[in-house]
Amino acid sequence: DPKYPDSYNNRGNAKYYLKDYAGAILDYSKAIALAGNFTEAYFNRGISRIKLGQKEGGCLDFSKAGELGHPTAYDVIKELCN
């Protein structure tokens, strides 16, 4: 369903595992556009951005995921963003 953010997050996960990080970012971004408080999509997009060397954008996504309550976002920030 094109209006269901979980569909985009799930497709982003599939692309991530295929190492299509740019494609994954597009899908995670669509999920976020549909549901601005989609914690997992922010976190997943952050990981994909880190994989592409986009540290600043990835760390911003982890920060947003943490603000929204993601349980490990701040641990990842300590590990990858400092």
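Residue indices begin at 1 and follow the sequence shown.
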Provide the closest heavy-atom pair for [X] versus [Y] in the form atom of the first, atom of the second, distance.
{"X": "Tyr74", "Y": "Glu67", "answer": "OH-N, 3.2 Å"}
{"X": "Ala24", "Y": "Ser48", "answer": "CB-OG, 3.8 Å"}
{"X": "Ser29", "Y": "Arg45", "answer": "OG-NH1, 3.0 Å"}
{"X": "Ala31", "Y": "Asn9", "answer": "CB-N, 4.0 Å"}
{"X": "Ile50", "Y": "Cys59", "answer": "CD1-SG, 4.4 Å"}
{"X": "Asp61", "Y": "Tyr42", "answer": "CB-O, 3.3 Å"}

As an exercise, state the distance from [atom1] of [X] to [atom2] of [Y], rounded to the nearest 0.5 Å.
{"X": "Lys78", "Y": "Thr72", "atom1": "NZ", "atom2": "OG1", "value": "11.5 Å"}
{"X": "Ile25", "Y": "Asp20", "atom1": "CD1", "atom2": "CG", "value": "9.5 Å"}
{"X": "Arg11", "Y": "Leu26", "atom1": "CZ", "atom2": "CG", "value": "9.0 Å"}
{"X": "Glu56", "Y": "Arg49", "atom1": "CD", "atom2": "CZ", "value": "10.0 Å"}

Under 3.5 Å: donor-acceptor pair, side chain of Ser7, backbone of Lys3: no

Short side-chain to backbone donor-acceptor contact, Tyr28 and Asn13, under 3.5 Å: yes

Single-linkage hydrophobic cluster, 4.5 Å side-chain cutoff, Phe62 and Leu52 together: yes

Path from Ile47 to Ile77 over hydrophobic side-chain contacts below 4.5 Å: yes

Passing option when Pro5 is tested against Asn10, Leu34, Asp27, Ile32 for side chain to side chain contact (heavy atoms under 4.5 Å, CB included): Leu34

Centroid separation Tyr21 to Tyr16 less than 6.0 Å: yes

Minimum side-chain heavy-atom gap Phe38-Asp6 below 4.5 Å: yes

Stepwise side chain to side chain contact (heavy atoms under 4.5 Å, CB included) test for Phe43 and Leu68: CA-CA 10 Å; Phe43 187 83; Leu68 293 171; over 6 Å; no

